[in-house]
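Okay, so here's the structure we're looking at.
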Amino acid sequence: MRINFSSHIHCCVSYHTNHISERKASKKGAQFTVVLAGQSGLGKTSFINTLFDEDLLQLKDYYEENGAPRSTTKINSHKIELVEDGHVLNFTCIDTPGFGDYENNKFCWFPIVRYIEEQFRSYACQETQPDRSNLIDTRVHACLYFLVPTAKGVSALDVEAMKELCKRVNLIPVVAKADAYTRSEMQEFKKAFKETIDAYDIRLCDWLIKEDVNSDFIEDMPYSVINSAGRFTRADGVTVRGREYVWGIAEVEDSDHCDYLKLRELLLGTNILDLIVSTEAHYEMYRSDYLTLWLKKGWEKKSESDLSGSDQVAAEEPMVIPENPVELMKLLRNTSRSELEQELVFRNPAYVAAEAKLRKSFSDNVLNQEAVFKNWKFGLQEKQAGFNDDIQILHSTAIALQEDIKALESIMS
Ligand SMILES: Nc1nc2c(ncn2[C@@H]2O[C@H](COP(=O)(O)OP(=O)(O)OP(=O)(O)O)[C@@H](O)[C@H]2O)c(=O)[nH]1
Ligand SMILES: [Mg+2]
């Protein structure tokens with residue numbers, strides 16, 4: 001069944017931020033979660049208001065006194081319940097802090113990857129529980145990745161971030177602030193974007209293509225957007241949403257100005273189910289990887305406890321996955337969730353890079369100290385040789401003096 005919310009979203013019962021009432025949260029309905037990611041100041045937070053055509057975020061926390069959006073500093077979840085023809089869709093927008101502002105921006109995208117994986121992990125853990133009737137599904141179905149169109153094309157940071165994100169989620173690239181670029185600049189950027197994703201094998205909504213649905217949506221990416229919840233009256237008397245300039249209005253919903261309508265159709269229209277279904281493929285890949293890690297940890301602990309107390313040296317036993325579900329559960333229970341979380345720290349690229357750096361600086365230090373020690377030893381050996389020569393000279397002088405004494409004594413006697 002295809003749920004169509006495309007008519008308009010004003011049919012919604014809305015509520016926002018993290019304050020969801022218990023009553024509404026317990027209502028059943030499909031879940032759809034979108035993460036907004038990208039560098040700072042590109043209009044991620046503003047896009048939520050544009051999408052829902054409401055001043056949903058008219059809260060002190062989100063806006064400065066002059067009305068400009070505040071820079072997002074933590075991951076915020078904004079929820080809205082969409083109702084149409086008796087169908088309920090619980091739409092969640094996850095707004096993330098923009099990145100790229102620091103001197104060293106390496107791995108600055110990792111908190112978003114971690115967030116996506118945490119939702120998969122939480123769902124996978126719930127699935128291993130005996131009662132699965134009330135699973136809380138916070139899995140992310142799409143990531144809107146905001147890009148800044150520059151003459152240089154896609155930045156290295158965006159390439160790196162998108163390469164990682166596309167492996168875990170339906171990646172939907174968005175070109176921010178389309179009103180600031182001419183038609184030809186935008187076309188040039190889109191062309192450069194396509195060449196870059198081919199060159200770096202960045203796959204957009206990978207599993208959506210495999211299911212062979214709506215591939216023209218993929219062709220249209222990246223979508224250019226203009227954000228605004230404001231309304232202005234054009235010279236012809238028609239009131240439109242857009243940004244007003246001295247020369248006219250950059251319209252949100254005019255396809256000549258930007259691709260907002262296409263993007264909204266993708267997110268709130270006929271493709272929502274395809275995005276939900278294709279997320280299952282991403283989830284299955286993560287789940288299989290996660291359970292293998294969990295079993296591996298359990299197996300290692302079982303091997304350790306089997307060998308403890310015996311004189312046997314621990315051997316690298318190949319893992320055998322029990323077919324009996326009770327045995328399988330026992331193996332999983334060998335490892336607690338917190339132990340597993342610790343294991344996952346080792347997958348954090350920032351941690352891996354920091355560890356490699358530390359190891360290198362440690363081995364460099366050892367090499368330096370060895371060189372210092374060698375020099376010191378060489379210096380000592382040289383000094384010792386010098387002392388030996390001095391001793392030899394003193395010894396010869398003593399012998400000569402003794403002979404002189406002997407000669408004097410013989411004269412005196
Ligand atoms: N010209 C133009 N300005 C925009 C557009 N969308 C947002 N802005 C402005 O860009 C600035 C940043 O917008 P935000 O929505 O806070 O951007 P953000 O990506 O959430 O920023 P961080 O939270 O810092 O990552 C604000 O001053 C917005 O008014 C747009 O489509 N066109
Ligand atoms: Mg923001």
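All ligand and atom numbering here is 1-based and tracks the order in the structure. These numbers were taken from a predicted model, which means no experiment stands behind them.
- In this structure, Ser40 counts as a contact residue of ligand 1, since one of its heavy atoms falls inside 4.0 Å of the ligand.
- Of the polar atoms of Lys44, at least one N or O is found under 3.5 Å from an N or O of ligand 1, judged by distance alone.
- Taking each heavy atom of Val154 and Met162 in turn, the nearest pair found is CG1-CE, 3.9 Å.
- The heavy atom nearest to atom 24 (O) of ligand 1, out of those in Ser71, Cys258, Ser228, Gly38, is found in Ser71.
- Note on Thr45: counted as a metal contact of the Mg ion (ligand 2), an N/O/S atom lying under 2.8 Å.
- The shortest N or O to N or O distance between Asp179 and ligand 1 is below 3.5 Å.
- The pair Arg168-Glu164 counts as a salt bridge, with a side-chain nitrogen and a carboxylate oxygen less than 4.0 angstrom apart.
- Listed by atom number, the atoms of ligand 1 under 4.0 Å from Gly98 heavy atoms are 25 (O).
- Taking 2.8 Å as the threshold, Thr96 does not count as a candidate ligand of the Mg ion (ligand 2), since none of its N, O or S atoms lies below it.
- In summary, the aromatic rings of Phe120 and Tyr290 are positioned with their centroids too far apart to meet the 6.0 Å limit.
- Contacts between Thr72 and ligand 1, counted as non-hydrogen atom pairs separated by less than 4.0 Å, involve both the backbone and the side chain.
- Side-chain atoms of Gln119 and Ser122 form no donor-acceptor pair, as typed in the model, at a separation below 3.5 Å.
- An N or O contact shorter than 3.5 Å is missing between Ile226 and ligand 1 by distance.
- In summary, the side chains of Tyr286 and Arg121 do present a donor paired with an acceptor at a separation below 3.5 Å, with no hydrogens or angles considered.
- Atom 13 (O) of ligand 1 has its nearest heavy-atom neighbour, among Ala180, Ser224, Ser46, Pro97, in Ser46.
- In the vicinity of Tyr245, heavy-atom distances shorter than 4.0 Å reach the ligand 1 atoms 1 (N).
- For the residue pair Tyr123 / Asp137, no side-chain donor-acceptor distance below 3.5 Å is found, with atom types taken as modelled.
- Ligand 1 has no N or O atom lying under 3.5 Å from any N or O atom of Thr96, backbone or side chain.
- Distance check: Leu144 CG to Lys44 NZ gives 11.0 Å after rounding to the nearest 0.5 Å.
- Salt bridge Asp364/Lys360: present, at least one basic N to carboxylate O contact under 4.0 Å.
- Heavy-atom proximity to Leu42, at under 4.0 Å, picks out these atoms of ligand 1: 17 (O), 18 (P), 19 (O).
- Defined by atom type and a distance below 3.5 Å, a donor-acceptor pair is missing between the side-chain atoms of Asn227 and Ser46.
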